[in-house]
Structure formats: structure tokens, C-alpha cells
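Worksheet: one structure, shown below.
Sequence lines set the chain letters: A, B, ... in the order given, protein chains first and strands last, and positions in each chain run from 1.
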Number of protein chains: 2
Amino acid sequence: MPATNPLQRFKEDAEKRGGPLAANVYAEACPSRALLALVADKWTLLIMPALRRGPMRNGDLMRLIEGVSQKMLTQTLRTLESNGLVRRIDYLEVPPRVEYELTDLGRSLADAIRKLDSWVEAHIAEVEEAREEFEKRERINNR
Amino acid sequence: MPATNPLQRFKEDAEKRGGPLAANVYAEACPSRALLALVADKWTLLIMPALRRGPMRNGDLMRLIEGVSQKMLTQTLRTLESNGLVRRIDYLEVPPRVEYELTDLGRSLADAIRKLDSWVEAHIAEVEEAREEFEKRERINNR
DNA sequence: CCGTATCCTGAATGATACTG
DNA sequence: CAGTATCATTCAGGATACGG
């Protein structure tokens, strides 16, 4: 009787290939797929590169990352911390002082993310041109 | 009277720096922020690197990218096309044959994305370890 | 200063059925 | 084969108020 659930299929496939359960984002059940979702999160994409500048406080991040709410900032940082990408340092002072910094693992990810951010900043103009051309063609086709 | 809306502030800031409205993903109103959201989309992150292998048909992509629905596949491809990242080639045959391939612009992005995917696949094990350690610490703190 | 707790809404997406 | 159309659902995330 063949396995039907994705995770089981994934493991069987990996074994068939003889390999050590190689991670594969294209496999729905592979844990790396879920991690990709976290990594690609809207705020993660801004927070991680921001921390490359060095340790930052909650307020620093709020000011730097326009539009982020306190809720989403804390939530995202907590998730990143629980995945070993960010370290939270609470100085246990009054008034509170808390710093966030990248772990070694986090730094290597942050570098990859920064490349993506840079690509976007560098090519936004080309994309905007492409959009206009696309719209032109659209209008021609619709008459 | 000072400008209060984000886009206006963004433009003014850019002019103050004397620069040619440099793109900045940290600015809420900068168009690059929206592009980043598109680029970081769950399915974009899988489709773009997939197309690095060469032109692919709808069915090919459906089979390769486990879990994607026909709806989301088409929708994402259309968006990518309208942003100049993917080219859609309809051979106007019966039965239908349509291919998708990267534009030059798209290819440069796909390379950056593939690095992110690779990072995830390469480091998922470390992340899972970190998760366990985090949970341990959590349990200790909560008693 | 740095959060947590709640409520609430719309936008994203999966399921399903149909079409050229 | 390669879509489109429609409906139902969920849940991410914004607003707001409160707390150590």
C-alpha cells in the first residue's frame, strides 16, 4: 500500500535516491519549504539586513523600518530568535533596555537577503519600465 | 507646513540627500518596497529558480512545484510577466501549448533567489537544532 | 522603553466547476 | 492543455488599550 501523505512520500523519495534526506524546497512536505516561508516574510526581509549594522534596540528598528507595527516587530523578532537567527539580549534594567543582534547563522542568511534587497533597489526602474510596456501591449490586445 | 504623507516625505528626503531619488526598501512609500513584496512571494520564490532550467510549460511547473494550485500558478506567472521578469510564449496550437521563460532581468533576479533557496536547504538542520534548544530554554524559564 | 492582550477586517488562497 | 470564474475560508496583521 503506497504512502499518500506528503511527508511520508518525501522521506521515501529521499531514501530512494539513496541520499541523506536532502532538503528540497520544491517538496511540499520538506521542512525547508516552511523555513523558506519564514525567511521570505515581509518583515524578516527588512529586519535581518538591518541587523547587519550591529546590535539594535526595539526603538531603533521601529524608526528604521517604516511602517512596521510594534506587534509585528516583536512577533517577527521572537520567531527569528526561536529559529536561532537572532539573539535577544535583555539588560534587565529599568527602564527596559533590550538589544537584538544576529547570530552567526543569522548573519549568513542576512547577507543573502541583503542581496535580494539590493537587487530590488537596483532594478526597480527597469521593472517600472517593463510594467508600462506591458500595459501598452495589454491595451492593444483588448480592442 | 511639513509634509505628512510617506510618499512625499520619501521624495523630500531623497532630494535633501541630493541624490536621484535612490530606491530604499526601508522607506514605506518607496516603490521598491512593493516590489520586494512581490519578489518575496511564496510562489515567486519557487517559480523563478525553477525557470532557470530553461523554458517550462504550465504542466511542468505544476508537477515540479508541489502544492501549487493552477490558480496561484497562473496568477503568479501573470504578475511576473507584467513586471518584465518572465516571458509568456503562446504557440497558438490546439491543444494549447504555452511556454514560460525568464527574461534577462528575470534571470538576474532568479539567481539571487536561488541563493536564498539554497541557503534554506543547506541550513535547515542547524535551524531545527536551534529550535530545540530554544524550546528547552523556554521550558526552563516557565517554571 | 518594551512589550502583551484583544478585537476585528479585508486580502490572499484553496476548492470546485466550467471553457476554448 | 491551459487556463477562467466563483465561492468559502482563514488568518495575517493593523488598531487600540493596557502592563512591568
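- Between dC2(C) and Y100(A), no contact under 4.0 Å exists linking OP1 or OP2 to a side-chain N or O.
- Between the CG atom of D90(A) and the P atom of dC1(C) there is a distance of 15 Å, given to the nearest Å.
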Using a cutoff of under 3.5 Å, can you pull out all pairs of nitrogen or oxygen atoms linking the protein to nucleotides 18-20 of chain C, with atom names and distances?
none

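- Within a 6.0 Å sphere centred on CD of E93(B), heavy atoms belonging to other residues, nucleotides or ligands number more than 12.
- As rounded to whole Å, 9 Å separates atom P of dA2(D) from atom CD of E99(B).
- Atom CD of Q70(B) is separated from atom P of dG14(C) by 13 Å (rounded to the nearest Å).
- A donor-acceptor contact closer than 3.5 angstrom links the side chains of T74(B) and Q70(B).
- A salt bridge is absent between R88(A) and E81(A); no separation between the charged side-chain nitrogens and carboxylate oxygens falls under 4.0 Å.
- For CG of D104(B), the number of neighbouring non-hydrogen atoms (other residues, nucleotides, ligands) closer than 6.0 Å is 12 at most.
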* Test side chain to side chain contact (heavy atoms under 4.5 Å, CB included) applied to L102(A) and L85(A), step by step -> CA-CA 6 Å; L102(A) 294 176; L85(A) 300 168; over 6 Å; no
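- Whole-Å rounding puts the Y91(B) OH to dG3(D) P distance at 13 Å.
- In summary, E121(B) and R114(B) engage in a salt bridge, as defined by a charged side-chain N under 4.0 Å from a carboxylate O.
- Atom-to-atom, CE of M62(B) to C1' of dA15(C) comes out at 12 Å; the value is rounded to the nearest Å.
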Distance-only donor-acceptor hits, side chain of residues 51-58 of chain A, under 3.5 Å, sequence neighbours excluded:
residue : atom : partner : partner atom : Å
R52(A)  : NH1  : D111(A) : OD1          : 2.9
R57(A)  : NH2  : P96(A)  : O            : 3.3

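- Hydrophobic cluster of Y91(A): the remaining members, joined at side-chain heavy-atom separations below 4.5 Å, are I89(A), listed by chain and number.
- Using a cutoff of 4.0 Å between basic side-chain nitrogens and carboxylate oxygens, E133(A) and K136(A) are not scored as salt-bridged.
- Contact annotation: the side chain of V86(A) never approaches that of T103(A) to less than 4.5 Å [non-hydrogen atoms, C-beta and beyond].
- Among pairs with a residue in residues 97-121 of chain A, those fulfilling ring pair (Phe, Tyr, Trp, His ring centres under 6.0 Å) read W119(A)-H123(A), at least two apart in sequence or across chains.
- When the P atom of dC2(C) is taken as reference, atom CG of L61(A) falls 10 Å away, rounded to whole Å.
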* Structure fact -> In 5'-to-3' order, the base (B), backbone-only (S) or no-contact (-) status of each nucleotide in nucleotides 9-19 of chain D, using a 4.0 angstrom heavy-atom cut-off, is ----BBB----
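- Look at CZ on R63(B): it is 7 Å from P on dC1(D), rounded to the nearest Å.
- A heavy atom closer than 4.0 Å to some atom of DNA chain C occurs in R78(A), these being the qualifying members of residues 77-87 of chain A.
- In the set dG3(C), dC1(C), dG3(D), the nucleotide with an atom closest to the side chain of R57(A) is dC1(C).
- Nucleotide dC2(C) holds its C1' atom 15 Å from the CE atom of M56(A), rounded to whole Å.
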